[in-house]
K.L.:
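Attaching a single structure in structure tokens format; questions to follow.
As the structure is a prediction and not an experimental result, all values here were calculated from the model.
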Amino acid sequence: MKSFIVLAAAALLLVGFAYPVSAEQPIVLGVPTSLKLIEGYEGHRAAQLAVEEINAKGGVKVGNQKHLLKIESLDIRDGEPGVPVSEALLGIEKLILDKKIYATVVGNFRSEALLAAMDIYSKYKIVNVGTIAMTPKFQEKVLSDKEKYKYSFRCCLDSVYLAKYIQSMMKFLNKEFGYNKVYIMTQDVLWAAGTGKLMEKWCKENGWTVAGFDKFPVGASDFSAALLSARGAGVQVIMPIFDMPTSGVLVKQWKSMKVPALMAGFISPLMGSKAWKTFGKDIDGLLNVVFEIGYFPVPAYPPTVKFTQAYQKRWKEDIQSGHGAAPAYDAVYLLAAAIEKAGSLDPDRVVKTLETMEMTGVVGKIKFNNGHQLIFGEDPKTAAVGAVFQWQQGKQAVVWPASIAGAKTQKPRWMK
Amino acid sequence: MLVYGLINSVILALMALGFNLTFGISGVANFAYGAIYIVAGFITWTLIEKLGLPHLVSAAAAIVVIGLFGMFLYKLVLKRIRGLVISEVIATFAVALVALELLRYIGFIGFRYSLPVFIDGSVEILGAYVDIQRLLILALSILVVVAQYLFTHYTKLGLAFRGIAQDEHTSLSLGINPDRIASWSMGIGCSLGAFAAIVILPLGTITVDSGYDVLINALSVCIVGGLGSTFGVIIASFIIGYAQILTATYISSHYTIIVSLVAILVILALKPSGLLGHQKELEERV
């Protein structure tokens with residue numbers, strides 16, 4: 001009898017300590033990311049906003065108990081040059097052990113850091129809903145050992161979907177203007193050059209002439225030679241793929257050199273409202289691919305309006321990055337909903353719920369595929385959605401997809 | 001290509017003039033030059049955006065502040081180690097690291113740091129559209145070179161500059177204080193760097209990392225042209241500037257970054273003192 005009582009007590013203790021949350025204690029969400037980089041700090045702020053909204057309504061209901069949410073962040077700097085992956089991993093482990101976090105949102109910047117961190121999340125059974133790193137290897141790793149890596153989810157675009165969106169944009173330009181000659185310019189880093197190569201192949205297979213493909217080293221700030229070549233070749237579209245701060249200069253030069261081709265692709269520094277302030281009317285007419293909607297208001301999809309207004313009210317500024325903030329906000333709501341639906345904080349049960357859950361989020365309908373990647377499409381009622389917007393007199397006007405488009409593509413005034 | 005090659009060359013020359021002036025007079029290789037260039041950009045940006053000062057006032061303030069900082073740096077650090085080349089390089093490079101990494105640490109990261117152009121718009125020259133800011137750089141660079149010539153030939157301070165550049169010991173016997181002049185050369189060299197930043201940075205954005213690129217560009221132009229030779233700097237700028245444009249046009253933009261590095265290697269192998277350099281020690285070793 002005595003040994004039975006000891007065993008029962010031990011079992012109770014084990015159950016009690018199985019998850020780092022006891023009754024009425026807050027559920028701690030970790031935000032291990034590069035907090036100085038725009039996607040990192042905006043993702044952190046968006047997650048904080050979601051936490052505050054959920055707490056204002058009483059928190060997350062688990063069985064009969066209500067738990068408040070709490071954010072613990074750590075700058076693991078993995079998006080900054082020269083920071084080794086091992087340092088980022090140590091940061092994540094420290095956050096898990098010191099702050100007793102239950103789950104993480106936002107997460108790694110660099111793909112190799114994410115892939116390595118997935119083992120840590122599995123080891124500690126931490127539910128991870130990442131919103132930054134974009135490698136398709138993520139899904140491959142989840143599927144390689146589903147039982148082990150089931151704790152990791154990605155609630156943002158991946159590079160395969162990005163390529164699909166750029167392809168859709170090219171089809172759209174072909175249909176709209178009959179264009180079929182393009183010059184590709186990319187940053188000389190793996191993801192950008194890789195996407196550029198994919199696009200070069202796709203363009204050639206789909207009736208486009210690729211007049212040139214130039215790669216620019218990180219930090220390049222003179223694009224005149226490539227622009228002169230593009231002008232000389234008589235291209236109708238220049239496709240940039242960049243995320244370095246100096247890449248905005250490309251568009252300034254495009255305008256000052258009056259190269260008569262539409263600039264359509266992805267330039268990260270020209271995503272947010274401040275880009276207009278920084279670069280002025282030089283960027284008028286640029287077509288930019290948005291990774292996930294929701295960082296500026298899209299009237300055709302009201303959740304984006306509500307979220308951007310709430311963010312502006314809370315943080316006194318608009319979101320500037322086209323990647324990560326809205327998904328981070330959705331990730332917190334998603335976790336809260338999954339915990340409530342599972343009726344438990346057992347990570348295995350929450351993961352099972354997440355795998356089959358559907359939710360209306362800021363980025364569109366939230367639903368994961370078998371590899372735990374958020375499914376993207378062209379209508380926010382059926383899937384998460386990216387978009388193509390055009391800078392039109394200081395406004396980000398969505399021109400694609402048709403489900404949320406609010407404007408027609410226009411040639412810049414100086415091109416007409 | 002002709003027009004953009006010319007402008008690219010002039011930008012390189014303007015970037016290097018301050019570095020060259022300091023080295024030519026005091027013999028100090030100021031490896032903090034790239035950092036100073038970027039700090040000048042951020043000071044101007046802060047004065048315009050945060051304090052709401054007019055563009056020209058902010059630019060003038062940045063040039064003065066950076067000049068004073070250069071003089072202060074000489075008096076505080078370089079005066080004690082002047083003549084010890086390795087120590088000078090280590091000390092100034094350390095200052096660069098501290099300045100640039102401090103900027104990064106306090107949050108000067110991202111896309112939004114950009115200076116306004118002085119005159120907006122573009123004009124067509126030889127079939128190519130060129131923005132007026134680039135033409136302004138061209139005009140201002142010519143002005144700086146002329147001003148530097150007049151200063152070093154017709155002012156008392158300028159003549160003292162040339163004096164210690166030619167023979168420090170003899171200058172000393174004529175009552176010229178080498179430390180004072182070296183301190184001035186450091187201050188004016190830094191101010192020239194700040195001036196270059198204020199007119200060149202409106203073409204792009206201000207980023208911490210470009211501080212290292214500016215140093216590499218300034219170094220390569222000065223090494224190829226011959227350290228201390230203003231005319232050499234101008235010739236080297238044209239060689240490297242046009243080589244970069246030709247590389248970008250006929251090979252790939254990807255390789256433009258190595259043009260200046262290849263130029264350094266070639267000149268060190270063939271004529272280590274540079275095209276118009278007069279460092280006999282180096283000449284005699286070849």
K.L.:
Holding to ring pair (Phe, Tyr, Trp, His ring centres under 6.0 Å), I want the full list of residues that pass it with A/F109, two or more places apart in sequence or in another chain.
P.N.:
none
K.L.:
Which atoms of A/F223 are under 4.5 Å from chain B, going by heavy atoms: the side chain, the backbone, both sets, or neither?
P.N.:
neither
K.L.:
In terms of heavy-atom contacts, does CD1 of B/I86 have more than 12 from other residues, nucleotides or ligands at under 6.0 Å?
P.N.:
no
K.L.:
Quick check on A/L270 against chain B: is it the side chain, the backbone, both or neither that has a heavy atom closer than 4.5 Å?
P.N.:
neither
K.L.:
By side-chain hydrogen bond (donor to acceptor under 3.5 Å, both in side chains), which residues pair with A/Q236, not counting sequence neighbours?
P.N.:
none
K.L.:
Applying salt bridge (Lys or Arg N to Asp or Glu O under 4.0 Å), name anything that partners A/K395, two or more places apart in sequence or on another chain.
P.N.:
none
K.L.:
Does any backbone or side-chain atom of B/I245 lie under 4.5 Å from a heavy atom of chain A? Answer side chain, backbone, both or neither.
P.N.:
both
K.L.:
Which donor-acceptor pairs sit under 3.5 Å apart between chain A and chain B?
P.N.:
unit_1, atom_1, unit_2, atom_2, d
A/D188, OD2, B/H254, ND1, 2.3
A/K215, O, B/H254, N, 3.0
A/P245, O, B/T205, OG1, 3.4
A/K252, NZ, B/P202, O, 2.9
A/S256, O, B/S122, OG, 3.1
A/K277, NZ, B/E49, OE1, 2.8
A/K281, NZ, B/D120, OD2, 3.2

